[in-house]
Colleague: 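Following this message is one structure expressed as structure tokens.
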Amino acid sequence: MKFEVLHTCKQSGAKIGKLYTDHGVIDTPVFMPVGTHATVKGLSPEEVKATGAKIMLSNTYHLYLRPGHELVEQAGGLHKFMNWDRAILTDSGGFQVFSLSSLRKISDEGMYFNSFLDGSKHFFSPEKVMEIERALGADIVMAFDECTAPGISHDEARSAMERTLLWLDRCSKIELKSHQTMFPIIQGNMYADLRKESIERTLPYAKCGIAIGGLSVGEEPRVMYDMLDVLQPLLPKDMPTYLMGVGTADYIVEAVSRGVDMFDCVLPTRIARNGSAMTKNGFITIRNAPYKDDFSPVEEGCDCYCCQNYSRAYIRHLIKADEIMGGRLLSIHNLRFLARLTEKIREAIWQDRLLDFKKEFLANYKA
RNA sequence: GCCUUAAUAGCUCAACGGUGGAGCACUCGGCUGUUAACCGAUAGGUUCUAGGUUCGAAUCCUAGUUAAGGCG
């Protein structure tokens, strides 16, 4: 895997790049749809591709529990199993350590946890996670990290950061398949000194990209931007930076202008299934009454399959009637919306005017 | 014509003679490395009508109205 920088924005320092994988080339900045259970909920791979996605996420923790990484390997790997021939990134389960905290116990050795499916006991060590990710066969595999919530003490944050670094070192010793590369993850909670130390000590492990974890976990946006500001001067210039879990237009624009290149988020597809659409003016809740007889497209000027063929009124009807198609159409739109956003961002970077673009974009966007 | 049963929120139904609730629908809010086609909130009532019994009636009694079923 190789990353090539094509241009750096003179106004912002943001870069346009190409990430070459065995499963295609990814233009950055990029948004990556999430398909936790080896499917972007509700959409076929063809539909996901049609939104412009060149890479998608899947999840180590969930696929390990069901159907099992051995089975995926037996099927010929994740790409073949799910019929997706473009790039895949697997998250390590570190976030599940965090979000399913009631079910786990954590130590330097790793994480003991109970399956949310049947309560059975399991253990993830960094080595075990790498072994699973190798079996799944994604192009980019995430290191096993410990994600923390805002509000913890400096000591607790340091402890999680140290553990993440310890685990990272162990992850780095496990051999992956030839087409795979591992992204290490920066932690440090909301403490500037820890974030700085974390990136400095994590960078030596970054071969083709580096990730920022533990943000967008409930803190105020300002806090996240502050952390990105701390990291920005220390980010590598020759490889992509991936801000994990971020997926609203305003966050993406703000983060790219601070040097971030890759994003993923469940939000576009989740809020779609729950009846909301992303637009350049912010979210709109299509399921609400005002759209009952609104026969215009979800977003005027959008080139997606949804907007080209269906009205807000129809989609509202589908959502209210609990018809799957409503969530599917909005998922298509929201993914296309973010793909188009990154296209516009790349264009602005080419033209060395990303900060102007950001200002114009945010002026119309209501968070 | 007679008999039986029923009538409570928009719908389907709870509620011992003791402060009328639930689910769904409606309206709105939330969702950020997916335990999420999910979660939450607001609103919604002359308990069919009129009398009666009772300290107190959705609940018991009488009459009526409407509906369903049965008998003629």
Colleague: Atom CG of A/Asn274 and atom P of B/A36: how far apart are they, to the nearest Å?
Modeller: 12 Å

Colleague: Using the P atom as the point on both nucleotides, what is the distance between B/A6 and B/C61, in whole Å?
Modeller: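 After rounding to an integer number of Å, I get 11 Å for this pair.
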
Colleague: Residues two or more places apart in sequence or in another chain: which of them pass ring-ring contact (aromatic ring centres under 6.0 Å, His included) with A/Trp84?
Modeller: none

Colleague: Run the ring-centre check on A/Tyr112 versus A/Phe123 and record whether the distance is less than 6.0 Å.
Modeller: yes

Colleague: Base, sugar-phosphate alone, or nothing: which one does A/Tyr251 contact when heavy atoms must sit under 4.0 Å apart?
Modeller: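 Touches a base.
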
Colleague: Take A/Phe263 and A/Tyr251 through the test ring-ring contact (aromatic ring centres under 6.0 Å, His included) and record every step on the way to the result.
Modeller: CA-CA 10 Å; A/Phe263 304 88; A/Tyr251 279 22; 9.7 Å; no

Colleague: Round to a whole Å and report the spacing from CD of A/Glu220 to P of B/U32.
Modeller: 14 Å

Colleague: Just call it for A/Gly327: base, sugar-phosphate, or nothing, with non-hydrogen atoms closer than 4.0 Å on any strand.
Modeller: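 Answer is nothing: A/Gly327 stays at 4.0 Å or more from every strand.
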
Colleague: Say we look at B/C24 and B/G40: how far apart would their P atoms be, to the nearest angstrom?
Modeller: 10 Å

Colleague: Give the ring-plane orientation class for A/Tyr64 versus A/Phe113, where under 30° counts as parallel, over 60° as perpendicular and anything between as tilted.
Modeller: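 Because their plane-to-plane angle is over 60°, the rings of A/Tyr64 and A/Phe113 count as perpendicular.
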
Colleague: C1' atom, B/C3 versus B/G45: distance in rounded Å?
Modeller: 33 Å

Colleague: Over all strands shown, is A/Gly214 touching base, sugar-phosphate only, or nothing at heavy-atom distances under 4.0 angstrom?
Modeller: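 Contact class for A/Gly214: base.
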
Colleague: Write down the distance separating the P atoms in B/A15 and B/A58, rounded off to the nearest Å.
Modeller: 15 Å

Colleague: A/His62 side chain: which of B/A37, B/G33, B/U35 is closest?
Modeller: B/U35

Colleague: Answer with yes or no whether the side chains of A/His7 and A/Asp352 bring together a donor and an acceptor at under 3.5 Å.
Modeller: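 Yes, a side-chain donor-acceptor pair sits under 3.5 Å.
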
Colleague: Can you list the residues that meet the salt bridge (Lys or Arg N to Asp or Glu O under 4.0 Å) rule with A/Glu197, with sequence neighbours excluded?
Modeller: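 Per chain and number, A/Glu197 pairs via salt bridge (Lys or Arg N to Asp or Glu O under 4.0 Å) with A/Arg158, A/Arg201.
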
Colleague: Can you find a side chain N or O atom of A/Thr36 that sits less than 4.0 Å from OP1 or OP2 on B/U34?
Modeller: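 Indeed, a polar side-chain atom of A/Thr36 lies that close.
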
Colleague: What does the 5'-to-3' dot-bracket notation of RNA chain B look like when only Watson-Crick and G-U wobble pairs under 3.5 Å count, and pairs to other strands show as |?
Modeller: (((((((..((((....[..))))..((((.......))))......(((((..]....)))))))))))).

Colleague: Looking only at atom C1', what distance separates B/A37 and B/A57, rounded to whole Å?
Modeller: 46 Å

Colleague: Is it true that the side chains of A/Gln351 and A/Asp356 contain a donor and an acceptor less than 3.5 Å apart?
Modeller: no

Colleague: Using a 4.0 Å heavy-atom cut-off across all strands, classify A/Gln187 as base, sugar-phosphate, or nothing.
Modeller: base

Colleague: Heavy atoms under 4.0 Å, any strand shown: does A/Leu89 hit a base, just sugar-phosphate, or nothing?
Modeller: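 Nothing: the residue A/Leu89, judged by heavy atoms under 4.0 Å, touches no strand.
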
Colleague: Of A/Gly93 and A/Asp322, whose closest RNA chain B nucleotide lies nearer the 5' terminus?
Modeller: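 Final value for this comparison: A/Gly93.
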
Colleague: Between B/U32 atom P and A/Phe283 atom CZ, what is the distance in whole Å?
Modeller: 10 Å

Colleague: Quick one: A/Phe95 CZ to B/A36 P, roughly how many Å, whole number?
Modeller: 12 Å

Colleague: Taking atom C1' in both B/U8 and B/A22, compute the distance separating them and give it to the nearest angstrom.
Modeller: 13 Å

Colleague: Nearest whole Å is fine: how far is B/A37 C1' from A/Ile319 CD1?
Modeller: 8 Å

Colleague: May I ask you to check whether A/Tyr205 and A/Asp169 show a side-chain donor-acceptor distance below 3.5 Å?
Modeller: yes

Colleague: Give me, pair by pair, the N or O atoms of the protein and of nucleotides 26-29 of chain B that are less than 3.5 Å apart, along with how far apart they are.
Modeller:
unit_1, atom_1, unit_2, atom_2, d
B/U27, OP1, A/Arg316, NH2, 3.2
B/U27, OP2, A/Lys320, NZ, 2.7
B/C28, OP1, A/Ala289, N, 3.2
B/C28, OP2, A/Asn288, OD1, 3.4
B/C28, OP2, A/Ala289, N, 3.1
B/G29, OP2, A/Asn288, ND2, 2.4
B/G29, N7, A/Arg287, NH2, 2.9
B/G29, O6, A/Arg287, NH2, 3.3

Colleague: Can a donor-acceptor pair under 3.5 Å be found between the side-chain atoms of A/Asp145 and the base atoms of B/G33?
Modeller: yes

Colleague: Quick check on the hydrophobic clustering: are A/Ile185 and A/Val246 connected, directly or via other members, by side-chain heavy-atom contacts under 4.5 Å?
Modeller: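 Different clusters.
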
Colleague: Could you tell me how the ring of A/Tyr314 sits relative to the ring of A/His317: parallel (under 30°), tilted (30 to 60°) or perpendicular (over 60°)?
Modeller: tilted

Colleague: Check whether any side-chain N or O of A/Arg270 sits under 4.0 Å from OP1 or OP2 of B/U32, and answer yes or no.
Modeller: yes

Colleague: Taking only heavy atoms on the protein side, list every residue of residues 150-168 of chain A lying under 4.0 Å from any atom of RNA chain B, sorted numerically.
Modeller: none

Colleague: Report the distance from atom CG of A/Asp118 to atom C1' of B/U35, rounded to the nearest whole Å.
Modeller: 13 Å

Colleague: Residues in ring-ring contact (aromatic ring centres under 6.0 Å, His included) with A/His79, at least two apart?
Modeller: A/His23

Colleague: If Ile, Leu, Val, Met, Phe, Trp and Tyr residues are connected whenever their side-chain heavy atoms lie under 4.5 Å apart, and connections chain through other members, are A/Ile152 and A/Ile212 in the same group?
Modeller: no

Colleague: In whole Å, what separates the C1' atom of B/A9 from that of B/G21?
Modeller: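 Between the two C1' atoms, the distance is 10 Å.
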
Colleague: Once you round it to whole Å, what is the distance between P of B/A36 and NZ of A/Lys41?
Modeller: 5 Å

Colleague: Measuring from atom NE2 of A/His179 to atom CE of A/Met1, what distance do you get when rounded to the nearest 0.5 angstrom?
Modeller: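 Separation between the atoms: 7.5 Å.
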
Colleague: Verify the contact: side-chain N or O of A/Ser99 to OP1 or OP2 of B/U35, cut-off strictly under 4.0 Å; return yes or no.
Modeller: yes

Colleague: Measuring to OP1 and OP2 of B/G33, would you say a side-chain N or O of A/Gln96 lies under 4.0 angstrom away?
Modeller: no

Colleague: What distance, rounded to whole Å, do you find between the two C1' atoms, one in B/U34 and one in B/A41?
Modeller: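 Straight-line distance between the two C1' atoms is 24 Å.
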
Colleague: Check whether the side chains of A/Ser153 and A/Asp155 place a donor and an acceptor atom closer than 3.5 Å, and report yes or no.
Modeller: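 The answer is no; no qualifying pair exists.
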
Colleague: Distance check needed: B/A37 P versus A/Ile315 CD1, whole Å only.
Modeller: 18 Å

